Protein chains: 2
Amino acid sequence: MSHLLRNHIEAISPLSDEEFDYILSHFVLKKLKKHSFLVQEGNYVKYEYFVLKGCLKAYIADNDTGKEFIYQFGVEDWWITDREAFFKSSKATINIDCLEDSEVLGITLENREKLVAEMRKYEHFVAVKANLGYISLQKRLQLMIMGSVKDRYENFIQQYPHLINRIPKSFIASYLGVSRETLSRLYRF
Amino acid sequence: MSHLLRNHIEAISPLSDEEFDYILSHFVLKKLKKHSFLVQEGNYVKYEYFVLKGCLKAYIADNDTGKEFIYQFGVEDWWITDREAFFKSSKATINIDCLEDSEVLGITLENREKLVAEMRKYEHFVAVKANLGYISLQKRLQLMIMGSVKDRYENFIQQYPHLINRIPKSFIASYLGVSRETLSRLYRF
DNA sequence: TTGATTTTGTGACAAAAGTCACATCAGAAA
DNA sequence: TTTCTGATGTGACTTTTGTCACAAAATCAA
């Protein structure tokens with residue numbers, strides 16, 4: 001029996017049916033309407049989420065200028081949360097909302113720690129994930145500093161091929177760290 | 001008996017003398033002269049390093065333009081390596097060299113995995129470290145996109161207060177992602 | 001369908017940062 | 001000390017990107 005989360009974990013740690021069912025029992029399913037918030041600035045962040053369906057954006061709002069910087073999109077097969085608030089049990093400094101009707105699986109910090117403590121395989125999975133996440137973030141930082149806007153856009157297309165015509169260009173611009181006008185002028189030629 | 005690495009680990013996981021000695025026995029000490037390389041592009045990366053003394057820079061060279069982007073400085077109490085190459089046992093894409101005579105403790109991937117497998121405390125330590133590292137990298141990315149050069153510079157001063165008059169300004173500029181001229185013009189007033 | 005938002009592209013101009021050139025200054029080495 | 005190399009500051013100019021304004025196109029809801 002195939003499950004998105006199972007495939008996702010098994011890409012790193014193969015599991016028996018029982019093991020996967022046991023893991024899955026620690027998650028709760030949430031169904032969300034477009035425009036609803038999964039995480040909101042100032043609130044505690046009880047869950048870390050695995051996206052099953054839909055599309056979300058995680059962003060930081062600059063209260064002075066009224067602008068926002070999208071640091072991550074959450075689509076099928078991606079994890080999303082306010083990492084700092086989740087792990088430190090502090091209040092969120094970011095917002096996550098749905099660009100489309102979405103379905104996510106949430107796990108609490110307690111359940112996460114329980115699984116990590118009980119299952120070597122899950123522990124290995126999260127350790128590998130943390131590393132890969134760190135590495136890809138580092139690459140993004142590098143691209144942001146050394147790459148032109150065009151480089152960044154091309155990289156984006158590779159990373160999120162389905163998103164280009166699925167979400168407003170202004171969100172992509174925000175993710176790339178440029179104004180929507182500059183992005184718009186990029187693909188005139 | 002106090003040891004820089006011990007204090008560093010114990011900030012997260014308290015250890016007995018025996019436990020620390022056991023951990024330490026998995027590291028090798030390296031002493032390096034100024035200008036020597038710790039990691040060089042194209043080579044395999046056998047170790048992850050904890051800096052005891054001195055100052056190093058980790059940077060990516062752009063072969064086209066001849067420029068470099070410094071993504072991290074390694075000073076006392078910091079870890080440094082080519083993370084991707086180290087964990088994936090692939091060839092380095094970055095360089096790390098010494099800005100001063102330096103001393104580092106290196107641990108191989110095998111020893112690291114051995115310690116993680118044997119000692120719950122060490123496993124906890126590296127997991128927490130990975131998380132904190134991810135979070136601080138995320139903040140740096142945010143600052144890079146949303147913050148002005150001045151914001152970034154002020155943040156740098158907070159993070160590395162000892163480095164400002166210890167290393168050339170051009171290195172700081174590279175870390176901040178601007179030209180040295182732009183940085184120079186910042187603190188004219 | 002229709003009217004109202006939202007999204008998008010684009011021109012004109014402003015602001016920020018990069019590039020090049022050169023003079024000065026400080027520190028390392030002979 | 002003297003010489004030399006590398007670091008730093010700064011002016012002049014170029015390039016890139018941002019900002020504002022507005023019109024056309026697309027999308028959404030009643």
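The structure presented is a predicted model; accordingly, all values stated were derived computationally and were not measured. Sequence lines set the chain letters: A, B, ... in the order given, protein chains first and strands last, and positions in each chain run from 1.
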Where along nucleotides 12-30 of chain D does protein come under 4.0 Å, by heavy atom, of base (B) or sugar-phosphate alone (S), with - for untouched nucleotides? B----SSBBB---------
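- No more than 12 heavy atoms of other residues, nucleotides or ligands sit less than 6.0 Å from atom NZ of B:Lys31.
- As a whole-Å value, the separation of A:Ile172 CD1 from C:dT7 C1' is 12 Å.
- Checked against a 6.0 Å centroid threshold, the rings of A:Phe73 and A:Tyr160 count as neighbours.
- Atom-to-atom, CG of A:Leu186 to C1' of C:dT10 comes out at 14 Å; the value is rounded to the nearest Å.
- Taking a 6.0 Å sphere around NZ of B:Lys121, one finds it holds more than 12 heavy atoms contributed by other residues, nucleotides or ligands.
- The distance between atom NZ of B:Lys169 and atom P of D:dG6, rounded to the nearest whole Å, is 18 Å.
- Residue B:His35 contributes atom NE2, which lies 11 Å from atom P of C:dA28 at whole-angstrom precision.
- Here the P atom of nucleotide C:dT8 and the CG atom of A:Asn165 are 9 Å apart, to the nearest Å.
- Remark: C1' of C:dT6 and CZ of A:Phe171 are 10 Å apart, rounded to the nearest angstrom.
- Contacts classified as ring pair (Phe, Tyr, Trp, His ring centres under 6.0 Å) and involving residues 103-123 of chain A (residues at least two apart or in different chains) are given here: A:Tyr122-A:Phe125.
- Distance CD (B:Glu100) to P (C:dG27): 15 Å, rounded to an integer number of Å.
- A salt bridge between A:Arg6 and A:Asp17 is present, with a side-chain N of the basic residue lying under 4.0 Å from a carboxylate O of the acidic one.
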Got a list of side-chain donor-acceptor pairs under 3.5 Å for residues 167-175 of chain B, not counting sequence neighbours?
residue  : atom : partner  : partner atom : Å
B:Lys169 : NZ   : B:Ile164 : O            : 3.2
B:Ser174 : OG   : B:Glu68  : O            : 3.0
B:Ser174 : OG   : B:Ile70  : N            : 2.9

